[in-house]
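All remarks here apply to the structure that follows.
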Amino acid sequence: QLIQREDYAPFAWLVPEVALRFDLGIERTRVHSALTVQRNARANTAEFIRLEGDGITPLEVTVDGEAINSWSMDDGDLMVPLSGDTHQIEIVTEIDPSANTQLMGLFASNGMLCTQCEAEGFRRITFFPDRPDVLSVYSVRMSGSKDQFPILLCNGNLKASGERPDGTHWAEWHDPWPKPSYLFALVAGDLVANRDTFTTSSGREVELAIWVRDGDLERTDHAMDSLKRAMKWDEETFGREYDLDTFNVVAVSDFNMGAMENKGLNIFNTKYVLADRATATDGDYDAIEGVMAHEYFHNWSGNRVTCRDWFQLSLKEGFTVLRDQLFSQDMGSESVKRIEDVRVLRAVQFPEDSGPLAHPIRPDSYREISNFYTSTVYNKGAEVIRMMRTMCGPERFRSGCDLYFDRHDGQAATCEDFITAIEDGAGLDLRQFRLWYRQAGTPKVKVRLEHDGDTATLHLSQDVPPTPGQPEKLPVPIPLRLALFDRESGEHEGEQLVILEHAQASLTFSGFAAPPVLSINRGFSAPVAIERDTPVEDLVFLAANDDDPFARYEAMQDLVVAYLRDAASGALASERRAAGQQAILSAFASAVTDEALDDLMRGELLILPGHSYISEQLAVADPLAIHQEREGLKALLGSRLQTEFAAMHARASAISDGSDAVARGARKVKTQALVYLAAGVPERAKEIAAAQYDTATNMTDRLGALMVLAGLRSPERTDKILDFYTRFRDNPLVIDKWFAIQAQSLHPDVIEHVKALAKHPDFNIRNPNRVRSLFMAFTGAPQGFHAASGEGYRLIADLILELDPINPQTAARFVAPLGRWRRTERDRATLMRAELERISKAPKLSRDTFEQVTRSLG
Ligand code: ARG
Ligand code: ZN
């Protein structure tokens with residue numbers, strides 16, 4: 001059944017209060033729910049109330065204290081006839097958390113009980129109007145074995161607790177803030193806490209606790225520091241203060257997503273909580289800081305102001321991603337963070353936008369909402385709001401946000417509400433800009449610079465490509481930050497912000513006796529694909545001179561992307577090939593040696609554009625050709641610049657111990673040096689990598705070295721892979737890395753490795769982290785996933801079929817890599833399509849996988 005955005009109607013009933021009682025057990029949990037319901041004056045009247053359910057049956061239903069049997073079931077939902085204007089409904093259900101392999105609703109993880117209710121998990125616990133526009137105040141009483149569940153946590157504030165002689169204990173929690181059911185959470189288990197406090201700007205003291213399993217406590221400090229920094233930053237930057245006496249965070253190892261912002265009780269994937277230098281990489285540290293902040297920021301952008309319906313998901317997710325990005329920019333290097341965010345957008349969201357799963361940041365229809373927790377809704381959603389901020393500046397944007405929070409506090413709002421608040425509060429006219437919410441597809445912007453006399457003319461044109469269900473598009477306003485450089489002095493006279501509103505525009509700039517060099521979309525001011533016919537020497541100029549760090553990175557990328565695109569499509573004559581290589585070599589040589597660069601930034605300049613981003617440049621791509629050209633370029637760089645890379649490695653090794661930015665930068669370039677050396681001079685690289693592995697004092701160095709070795713055929717490879725496993729066999733998060741590094745490696749036998757790893761005793765198809773670390777990683781190994789035999793595609797299709805009955809939400813995530821068939825070379829496209837068809841014919845496909853496969857087949 002297709003759900004349409006246009007069909008929204010308010011619910012016929014309000015549920016101002018909910019009282020829940022849980023008798024907890026891993027195999028049997030009894031749930032007693034009491035709802036106070038009132039007719040909603042703003043909705044159509046109804047003779048019954050529909051309480052949604054998924055896989056549960058009512059054991060008892062009472063209305064106003066009397067047991068009734070006039071209820072009925074409609075496709076899993078409970079229909080209760082109601083005649084008056086207010087009623088009290090009580091329902092008893094029973095669930096088996098240990099059998100909940102979907103990890104939605106109440107489930108068991110390592111002997112503890114926890115919940116995930118967003119988007120539609122609450123209906124797997126009890127019958128309820130499980131939609132975000134029904135806001136209720138929750139009181140919860142939970143009880144269970146004190147032995148098994150010494151800790152009992154829920155949303156809000158703890159009101160009372162006690163013990164009974166039978167070995168059980170209980171706790172009562174109350175959350176004063178009305179919330180939708182998707183923000184409900186409960187945790188019961190044997191946990192220990194890292195405790196701290198935070199005093200808010202108005203002087204209220206908040207008890208903070210991060211709950212983990214015994215033994216993990218020492219690895220929670222970074223998460224706690226990140227949380228406190230996020231709380232402070234949100235007060236300073238957005239004027240948002242925390243609003244409860246306690247803030248609890250619980251780490252669980254079985255989790256479909258990264259984390260969840262349940263009111264006062266965030267639940268996290270352990271991956272985004274636990275870290276120490278020996279077991280977590282610098283990237284992991286950054287991710288923890290970012291996700292901690294993200295979930296905390298939801299307390300305002302998501303919880304205090306929530307979504308009217310799930311089509312508005314980007315209202316909270318796009319905005320909250322922008323907020324966490326701005327936070328991380330402030331905590332570390334602004335430009336490096338910006339580059340990283342753009343890299344993710346291009347690697348994941350651009351392909352989504354150009355493929356069969358393309359959808360606007362505010363979708364128009366869905367079958368299964370879990371499928372719309374996408375990079376488009378999250379990351380493009382953040383970019384769209386960032387553009388608003390760019391157009392009005394941070395101060396006016398803040399006024400717009402203040403107005404939004406003020407106006408809609410306590411409400412379930414829409415994207416339209418957000419846009420209107422920014423218009424009113426920031427004084428922007430966003431009438432045409434709203435198209436960014438409606439239209440899917442990455443706009444293409446063509447840029448041409450002409451020069452005549454002392455005038456430079458910039459010709460801009462835009463085109464939003466057709467996407468499934470949206471054949472025709474209108475031009476969108478595109479804010480472009482740009483600068484024109486004087487070739488001689490290497491300088492420009494100030495940056496400008498140009499907003500391309502129409503399909504075409506020409507702008508003139510006078511005072512240029514010689515043709516200037518154009519730097520455009522600086523800071524990635526708009527999430528568009530720029531097509532510029534910039535001469536190679538101009539890109540080299542920008543790569544060396546641009547004062548906007550993003551633009552400098554971009555010039556390097558453009559240089560390489562153009563080369564690889566043409567090389568991989570066979571469009572590069574040998575003369576141009578040599579010239580392209582020469583330009584890239586010299587740009588890399590200066591990036592390696594430029595003393596004005598810090599290593600974190602140098603590290604960014606030295607990253608080659610990813611496989612998926614290069615494929616994006618071609619209408620139809622041959623994945624193996626791209627892979628080979630990309631590896632070939634790495635080998636060329638590694639061999640021709642081997643002295644420089646080796647020297648960089650040695651220089652960085654001397655300063656790479658520590659947790660400051662200098663050491664982190666050093667670690668980043670160390671492993672990059674290894675990556676290039678391994679491609680160009682593998683014998684030499686093996687030695688350096690083995691030494692880096694052996695002497696590593698931290699996971700960043702150790703894993704970097706292992707990654708490089710994992711791609712090479714050598715005794716060191718076998719040796720270190722075994723060593724790594726033995727060292728870390730008791731740490732699941734590190735063993736995830738061990739799976740991933742092998743599954744994503746450049747090794748020619750990667751398929752065999754993946755098959756063997758799937759049979760490894762530590763592989764567990766019920767654990768999403770483990771599944772992703774083996775199979776999602778594998779989709780990133782082009783020589784394996786895209787093997788001409790089709791074996792890589794078959795492996796993923798087999799996984800989808802096996803995982804779908806266990807965990808449909810996670811299974812459905814694996815469809816997208818196969819869905820790229822239309823943009824893939826013909827023989828492979830046939831194989832990919834055949835696998836999709838095989839999946840589609842499976843007898844009992846989940847709604848999740850069915851929707852993704854159907855859309856992918858088109
Ligand atoms: N709201 C969570 C976050 O982004 C994600 C929850 C996703 N849940 C799901 N079932 N898809 O912070
Ligand atoms: Zn979120």
Side-chain angles (χ1 to χ4, degrees), residues 54 100-107 114-125 130-132 155 179-185 226-227 230 234 249-252 254-269 271-273 287-307 310-328 341 344 348 361 363 366-382 385 768-769 772 807-814 816 846-849 851-852:
D54 176 9
N100 186 351
T101 58
Q102 294 186 32
L103 312 180
M104 286 296 282
L106 181 69
F107 62 95
C114 63
T115 54
Q116 170 58 35
C117 293
E118 186 178 4
E120 297 178 335
F122 193 73
R123 63 185 65 184
R124 295 168 52 77
I125 299 174
D130 194 12
R131 41 187 288 164
N155 312 92
K179 65 168 175 287
S181 51
Y182 82 87
L183 290 174
F184 170 80
S226 303
L227 172 60
D234 211 19
V249 171
V250 180
V252 301
D254 300 280
F255 209 68
N256 282 334
M257 309 281 285
M260 180 63 211
E261 70 264 22
N262 318 298
K263 186 78 187 189
L265 178 55
N266 287 4
I267 298 183
F268 273 64
N269 189 320
K271 187 174 161 59
Y272 297 108
V273 176
I288 289 169
E289 180 182 73
V291 178
M292 271 287 157
H294 179 97
E295 305 309 330
Y296 173 73
F297 294 159
H298 269 314
N299 191 54
W300 274 94
S301 48
N303 302 2
R304 286 289 286 262
V305 183
T306 192
C307 298
W310 292 119
F311 295 105
Q312 319 299 327
L313 185 58
S314 203
L315 173 71
K316 74 177 178 82
E317 296 303 346
F319 188 26
T320 305
V321 169
L322 174 67
R323 278 152 53 66
D324 84 54
Q325 290 179 347
L326 296 174
F327 166 74
S328 295
D341 289 338
V344 171
V348 186
I361 64 170
Y366 62 79
R367 285 177 202 278
E368 170 51 61
I369 187 59
S370 292
N371 287 331
F372 288 80
Y373 286 73
T374 58
S375 184
T376 296
V377 167
Y378 277 64
N379 305 90
K380 187 177 180 181
I385 302 177
N769 284 0
R772 284 186 285 257
N807 185 335
Q809 200 182 110
T810 297
R813 299 265 153 181
F814 287 88
S846 68
R847 195 163 32 151
D848 310 57
T849 299
E851 177 173 46
Q852 299 304 72

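Counting begins at 1 with the first residue of the sequence. Each ligand, and each atom within it, is numbered from 1 in the order the structure gives.
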Report the name of the N/O/S atom of His298 located nearest to the Zn ion (ligand 2). NE2
Within the side chain of Arg124, is there an N or O that forms a donor-acceptor pair under 3.5 Å with the backbone of Met104? yes
Applying a strict 4.0 Å limit to heavy atoms, is His298 in contact with ligand 1? yes
Which atoms from ligand 1 have a heavy atom of His294 less than 4.0 Å away? 3 (C), 4 (O), 12 (O)
When you compare the side chains of Tyr373 and Gln809, does any donor N or O come within less than 3.5 Å of an acceptor on the partner? no
Tell me whether Thr320 contacts the main-chain N or O of Ser301 through its side chain, where contact means a donor paired with an acceptor under 3.5 Å. yes
Quick check: does Arg813 get an N/O under 3.5 Å from an N/O on ligand 1? no
Closest to the Zn ion (ligand 2), which N/O/S atom of Glu317 is it? OE1
Those atoms of ligand 1 less than 4.0 Å from some heavy atom in Glu261: 1 (N), 2 (C), 3 (C), 12 (O)
Have Asn262 and Asn155 got a donor and an acceptor in their side chains that come within less than 3.5 Å? no
So if I count the atoms of ligand 1 from 1 in the order they appear, which ones are less than 4.0 Å from some heavy atom of Ala259? 2 (C), 3 (C), 5 (C), 12 (O)
For ligand 1, which atoms sit closer than 4.0 Å to a heavy atom of Gln116? 8 (N)
For ligand 1, which atoms sit closer than 4.0 Å to a heavy atom of Glu295? 3 (C), 12 (O)
Heavy atoms only: which of Tyr378, Phe297, Tyr373, Tyr182 is nearest to atom 3 (C) of ligand 1? Tyr378
Centre-to-centre under 6.0 Å for Phe319 and Phe297, is that the case here? no
Does any part of the side chain of Arg323, heavy atoms only, come nearer than 4.5 Å to the side chain of Tyr296, both counted from C-beta? no
Between the side chains of Asn266 and Glu295, is a donor N or O closer than 3.5 angstrom to an acceptor N or O? no
Are the side chain of Glu261 and the backbone of His298 linked by a donor-acceptor contact shorter than 3.5 Å? no
Enumerate the atoms of ligand 1 whose separation from the nearest heavy atom of Lys316 is less than 4.0 angstrom. 1 (N)
Let's go through Glu317 and His294 carefully: what are the C-alpha distance in whole Å and the side-chain angles of both, what is the deciding distance for side chain to side chain contact (heavy atoms under 4.5 Å, CB included) to 0.1 Å, and is it a yes or a no? CA-CA 9 Å; Glu317 296 303 346; His294 179 97; 3.2 Å; yes
Should you measure from each heavy atom of Met260, which atoms of ligand 1 turn up under 4.0 Å away? 1 (N), 2 (C), 6 (C)
Closest to atom 9 (C) of ligand 1 among protein heavy atoms sits Glu118 O, 3.4 Å
What atoms of ligand 1 come within less than 4.0 Å of a heavy atom belonging to Gln809? 9 (C), 10 (N), 11 (N)
